[in-house]
Structures are given as C-alpha cells and as structure tokens.
Amino acid sequence: MHPLPITDSTRVLVLTGAGVSAESGIATFRAGGGLWESHSVEEVASMAGFQSDPQLVWNFYSERRRGVLAAEPNAGHYALAKLEERLGDRFLLTTQNVDGLHSRAGSSRVLELHGNVCMTRCLVCARAPFSDEALHLDSLPACEVCEASGRDSLLRPHIVWFGEALDGQVLARIDDFISEAGADLLFLAIGTQGAVYPAASLVDVARRVGGSSYLVNLDEADNASQFDHIVRGKSGEVLPQLFGLSSEQSN
Ligand code: BV8
C-alpha cells in the first residue's frame with residue numbers, strides 16, 4: 001500500500017469514528033451486535049430519553065465508561081499520534097468517539113465532537129464538565145453545587161446527544177483549519193459509517209476548498225461516494241502503512 005502523498009505543505013485533517021476503537025474491543029454502533037442493536041437511539045442518546053428514564057441512560061453510559069476504562073489504545077491510535085508528531089500544527093484530529101483513546105495514545109491536537117464518556121456535567125448549573133470515572137448504575141448522581149444552594153438537579157453524561165448542538169468553538173477551529181489549508185488539505189476519515197451529521201459533511205467541506213479526501217473503513221460507508229480515495233481494511237493494520245511507519249515505529 002502506498003503511503004499518503006504528504007508533502008511539506010500538506011495539512012492533514014482527520015475524522016475518526018467508532019471503527020478506530022473496534023480493535024481495542026469497544027463496540028461500534030451500527031454493525032451487527034453494535035450498540036444501537038440493543039438500545040434504541042432515542043431512548044439512550046437524546047435529552048428526551050434522559051428525561052423519561054435517566055437511570056436507563058446512566059446505566060448505558062456507565063457500562064460504556066466501564067468498557068472504556070478497561071480498554072487500551074490500538075495500533076491505529078498510535079499511528080495517528082505518530083503522524084501528529086511528524087506534522088505538528090499541520091495536523092488536526094477530530095473524533096466522534098467519546099472513549100478518550102486518542103489522547104491516551106499520545107495525540108494532543110484532538111477535538112472531541114461528541115463529548116467524552118468519562119466526563120460529567122450538571123443538567124442545570126454552569127459548573128464546568130468534570131472528569132468522572134464513577135459508575136452510576138443503581139443511583140442517580142445529583143449535583144452537589146446545586147444542592148449547596150438548595151436546588152435539586154441531576155448530573156448528566158458530558159455527551160452530545162441527538163438533537164443537541166456540537167460545540168461552536170470546536171466547529172470553528174475545524175473550519176479555520178480547512179480554510180487555511182485550502183487545496184493543501186488532505187482530509188482523512190477513518191472507521192466511520194458517515195451516517196451522523198454534521199461530522200459526515202466534513203468531506204464535502206474539504207472538497208469545496210479543493211482538498212483531497214481519503215476514507216479508511218472496513219465496510220461500505222454511507223457517504224463513500226464523496227471520497228476521492230477509499231481504502232477498505234482495519235485501521236490498526238492500514239494506518240501504519242498509510243503513514244509510512246516502519247514496523248518498530250508502529251507500536
Ligand atoms: C445536531 C452520542 C443540530 C455519543 C452521537 C444534518 C445536519 C445537522 C444535523 C442533522 C442533519 N441530518 C440529521 C441531523 C440530526 C442528527 C443526525 O445526524 N442524525 C442521523 C442519524 C441522520 N445529528 C444530530 O442530532 C447532531 N446534532 O446537528 O444538532 C442543532 C443545532 C443547533 C441547536 C440545536 C441542535 C448530534 C450528532 C451527535 C449524536 N451523538 N452519539 C455516544 O453515545 O457515543 S452519534 C453516534 O454516532 C456516536 O457519537 C458515533 O460516534 C457516531 C457516528 O457513528 P460511527 O462513529 O460512524 O460508528 P458506526 O458504528 O456507525 O460505524 C463504524 C464504522 O467503522 C463502520 O462503517 C465499520 O465498517 C467501520 N469499522 C469497524 N471496524 C473497523 C472499521 N473501520 C476500520 N477499522 C476497523 N477495525
């Protein structure tokens with residue numbers, strides 16, 4: 001497999017999805033046996049679902065938190081961290097994943113589009129989202145800041161649910177990176193079905209500025225036709241080759 005055509009002026013924007021973490025043993029969403037097979041999206045990944053059954057939602061996210069804490073980054077995560085080392089500020093990684101594995105593999109230029117499963121925030125007050133590895137399986141966590149001022153409010157996972165807006169500052173950073181890169185942009189989507197927006201529309205934005213686009217995915221993605229190049233395979237196996245990493249560099 002030929003390495004990506006990265007020159008001294010290339011700026012690489014990466015978008016990852018659940019497929020990048022599959023080789024770390026973390027379930028994806030839409031494949032057989034995936035998360036959405038055993039849970040209706042509306043019930044567990046929406047504000048309406050949380051309001052109607054907050055314990056079901058906390059159980060769903062607590063089980064994912066447990067899985068994430070037991071998981072380790074895989075070769076695909078490490079390859080992306082190596083590419084960032086090589087490119088510096090000509091590299092930006094945006095992820096739909098909420099598992100934090102990119103940061104644990106050493107990536108630092110990471111934007112989490114959909115939140116982080118090991119972060120919690122208050123439904124009501126403006127306290128900042130905070131790191132939380134507790135499993136709220138049989139009780140609902142209440143906000144102690146609200147309690148101290150006599151209010152009764154639940155804590156919620158720091159996750160972007162369906163129907164909720166993504167962080168405007170995160171989206172602005174991505175737009176800036178794309179417009180500064182222009183035709184020097186190489187957009188690389190990895191391990192994503194391309195079914196969720198606005199993440200799935202990033203390839204269209206990349207094309208509009210004249211950038212090239214690559215998709216590394218195991219199966220056929222919903223937005224595959226938008227990409228200039230498609231590499232079918234497992235990210236843990238493909239990425240080290242695509243980034244021209246030698247075998248000793250790959251782990
Ligand atoms: C919003 C919660 C507006 C976190 C998730 C157009 C524009 C804007 C919005 C919309 C639009 N059209 C529709 C919408 C609404 C909606 C949407 O996109 N719906 C879809 C279903 C049609 N979007 C939203 O609601 C977004 N919000 O736009 O708000 C707004 C604006 C202002 C004010 C108010 C509101 C919010 C989207 C975020 C939703 N949250 N999850 C969590 O629980 O994790 S989305 C969920 O899907 C996850 O976050 C996940 O990351 C994401 C995408 O899934 P994938 O990562 O692609 O995973 P999947 O399993 O599907 O695919 C994995 C792929 O990997 C497969 O293709 C497989 O082949 C491959 N693979 C497997 N193994 C490997 C591999 N590849 C390589 N190697 C391997 N080893």
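Counting convention: from 1, in listed order, for ligands and their atoms alike. Heavy atoms only: backbone and side chains are in, while hydrogens, waters and symmetry mates are out. Heads up: numbering here begins at 1 and tracks the sequence.
At the shortest separation from atom 2 (C) of ligand 1 among protein heavy atoms lies V160 O, 3.3 Å.
Within the 4.5 Å cutoff, no side-chain heavy atoms of M119 are placed close to those of V98.
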Exercise for review: Go through the steps for D132 and R65 under the test salt bridge (Lys or Arg N to Asp or Glu O under 4.0 Å), then give the verdict.
Suggested key: CA-CA 9 Å; D132 178 11; R65 190 174 275 183; 3.1 Å; yes
Review point. Can H229 and L186 be said to form a side-chain contact (heavy atoms from CB on, under 4.5 Å), step by step?
Key: CA-CA 11 Å; H229 310 277; L186 188 157; over 6 Å; no
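Both the backbone and the side chain of A165 come within 4.0 Å of ligand 1, judged by heavy-atom distances. Looking at R64 against ligand 1, only its side chain comes within 4.0 Å, counting heavy atoms. The proximity of Y61 to ligand 1, defined as any non-hydrogen pair under 4.0 Å, is limited to the side chain. Only the side chain of V98 comes within 4.0 Å of ligand 1, counting heavy atoms alone; its backbone N, CA, C and O stay farther away. In V196, the parts holding a heavy atom less than 4.0 Å from any atom of ligand 1 are both the side chain and the backbone. Residue Q96 touches ligand 1 through backbone and side chain together, judged by heavy-atom distances below 4.0 Å.
An N or O contact shorter than 3.5 Å is missing between I159 and ligand 1 by distance. The N/O atoms of N217, backbone and side chain alike, include one that comes under 3.5 Å of an N/O atom in ligand 1.
Nearest heavy-atom pair, E43 versus V57, reported as atom, atom and distance to 0.1 Å: O-CG2, 3.4 Å.
By the 4.0 Å heavy-atom criterion, A221 is excluded from the residues contacting ligand 1. At a 4.0 Å cut-off, at least one heavy atom of G233 sits close enough to ligand 1 to count as contact.
The protein reaches atom 74 (C) of ligand 1 closely, with a heavy atom under 4.0 angstrom from it. In this structure, atom 13 (C) of ligand 1 has its sub-4.0 angstrom surroundings free of protein heavy atoms.
Using a 4.0 Å cut-off to heavy atoms of A195, the atoms of ligand 1 that qualify are 20 (C), 21 (C), 22 (C). Those atoms of ligand 1 that come under 4.0 Å of a heavy atom in E23, given as number and element, are 78 (N), 79 (C), 80 (N).
At a threshold of 4.0 Å, the pair R104-D99 does not count as salt-bridged, since none of the basic side-chain nitrogens sits closer than that to a carboxylate oxygen.
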